[in-house]
Amino acid sequence: MCDTCGCQLHDHHQHDSKVVEVNRSLLEANQKQADANRHHIEHMGAVAINMISSPGSGKTTLLERTIEALKDTVKIGVIEGDIETERDADRIRAKGVPAVQLTTGGACHLDAPMVHGGLHVLEHFAKGGGYDLIFIENVGNLVCPATFDLGEHRRVVLLSTPEGSDKPAKYPATFKSADLVLITKTDLLPYFDFSVEEATKESLRLKPELEILTLSATTGEGFDAWLTYLNNMLRK
Ligand SMILES: Nc1nc2c(ncn2[C@@H]2O[C@H](COP(=O)(O)OP(=O)(O)OP(=O)(O)O)[C@@H](O)[C@H]2O)c(=O)[nH]1
Ligand SMILES: [Mg+2]
């Protein structure tokens with residue numbers, strides 16, 4: 001285990017064959033549980049989205065606005081991942097939607113076994129009502145979460161304009177693993193040198209079939225396309 005970030009995969013002695021073996025079996029176990037989670041979610045009648053980004057890119061804010069827009073027509077549940085605190089789950093519950101807070105106690109990403117536990121709690125909260133759409137907000141981190149399938153149906157990576165448009169090129173594994181890249185906080189474009197064109201070009205260079213949307217949770221610009229994306233992925 002890595003001393004600095006607690007992550008199993010970024011051990012500074014990865015050349016040690018025993019460590020490589022442990023990492024491999026850890027990932028295999030994670031993959032098995034992720035596949036079971038996907039079945040579990042489908043059995044619940046739902047689809048799930050894994051949201052990944054740096055800390056503060058706007059994941060929870062996007063969820064708050066999305067819940068406001070869809071709450072009356074779509075049954076939403078949220079699993080929140082953070083190192084500490086219940087704050088994000090509290091923000092979601094304030095919008096009238098069930099939320100489970102998973103606190104990793106130091107680990108820099110969620111893994112499939114943690115999400116499995118979260119699904120059972122979410123089911124309990126549903127009181128038989130079920131869900132159409134389950135959001136899993138990962139721990140704010142643009143590196144470690146990329147490696148761990150959680151059992152989601154779509155992976156959305158957020159990139160906010162203050163972070164800089166060079167991020168897809170610098171964190172390729174995360175962007176490559178995405179289905180959709182959401183460029184957020186577009187209301188701040190006049191104040192930063194972020195180039196939507198560069199971020200788009202670099203993302204598509206990594207993965208030509210990536211979908212890319214831009215939006216601002218503050219002004220609502222670009223929100224219709226995001227809501228259409230969500231509606232299109234719902235199980236009919
Ligand atoms: N200007 C602007 N600010 C935004 C927007 N979306 C979110 N913010 C602000 O960005 C800050 C961080 O937002 P959060 O939604 O908490 O970010 P997060 O990705 O959930 O953060 P972590 O869970 O800590 O990783 C807050 O102060 C939000 O108000 C946006 O579209 N425009
Ligand atoms: Mg958050």
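Whatever order the structure lists them in is the order used to number ligands and atoms, beginning at 1.
- Distances under 2.8 Å from the Mg ion (ligand 2) pick out the protein N/O/S atoms T60 OG1, D88 OD2, E137 OE2.
- Contacts of ligand 1 (protein heavy-atom distance under 4.0 Å) are P55, G56, S57, G58, K59, T60, T61, D88, R91, E137, G140, K185, D187, L188, S216, A217, T218.
- Aromatic ring pairs are classed by plane angle as parallel below 30°, tilted from 30° to 60° and perpendicular above 60°; the pair Y229 and W226 is parallel.
- Residues S165 and E202 bring no donor and acceptor atom of their side chains to less than 3.5 Å of each other.
- Of the N and O atoms on the side chains of N50 and N138, at least one donor lies less than 3.5 Å from an acceptor on the other residue.
- Counting only residues at least two apart or in different chains, salt bridge (charged side-chain N to carboxylate O under 4.0 Å, His left out) contacts with residues 174-199 are absent.
- A salt bridge between R93 and E86 is present, with a side-chain N of the basic residue lying under 4.0 Å from a carboxylate O of the acidic one.
- Note on V181 and V196: same hydrophobic cluster, where clusters join Ile, Leu, Val, Met, Phe, Trp and Tyr whose side-chain heavy atoms are under 4.5 Å apart, directly or indirectly.
- Taking a cutoff of 4.0 Å between a charged side-chain nitrogen and a carboxylate oxygen, E21 and K18 do not qualify as a salt bridge.
- In terms of the salt bridge (Lys or Arg N to Asp or Glu O under 4.0 Å) criterion, residue partners of R91 (sequence neighbours excluded) are, by chain and number, E64, D88.
- Ion pair D90/R87 not flagged as a salt bridge, since none of the NZ, NE, NH1 or NH2 atoms sits closer than 4.0 Å to an Asp/Glu carboxylate oxygen.
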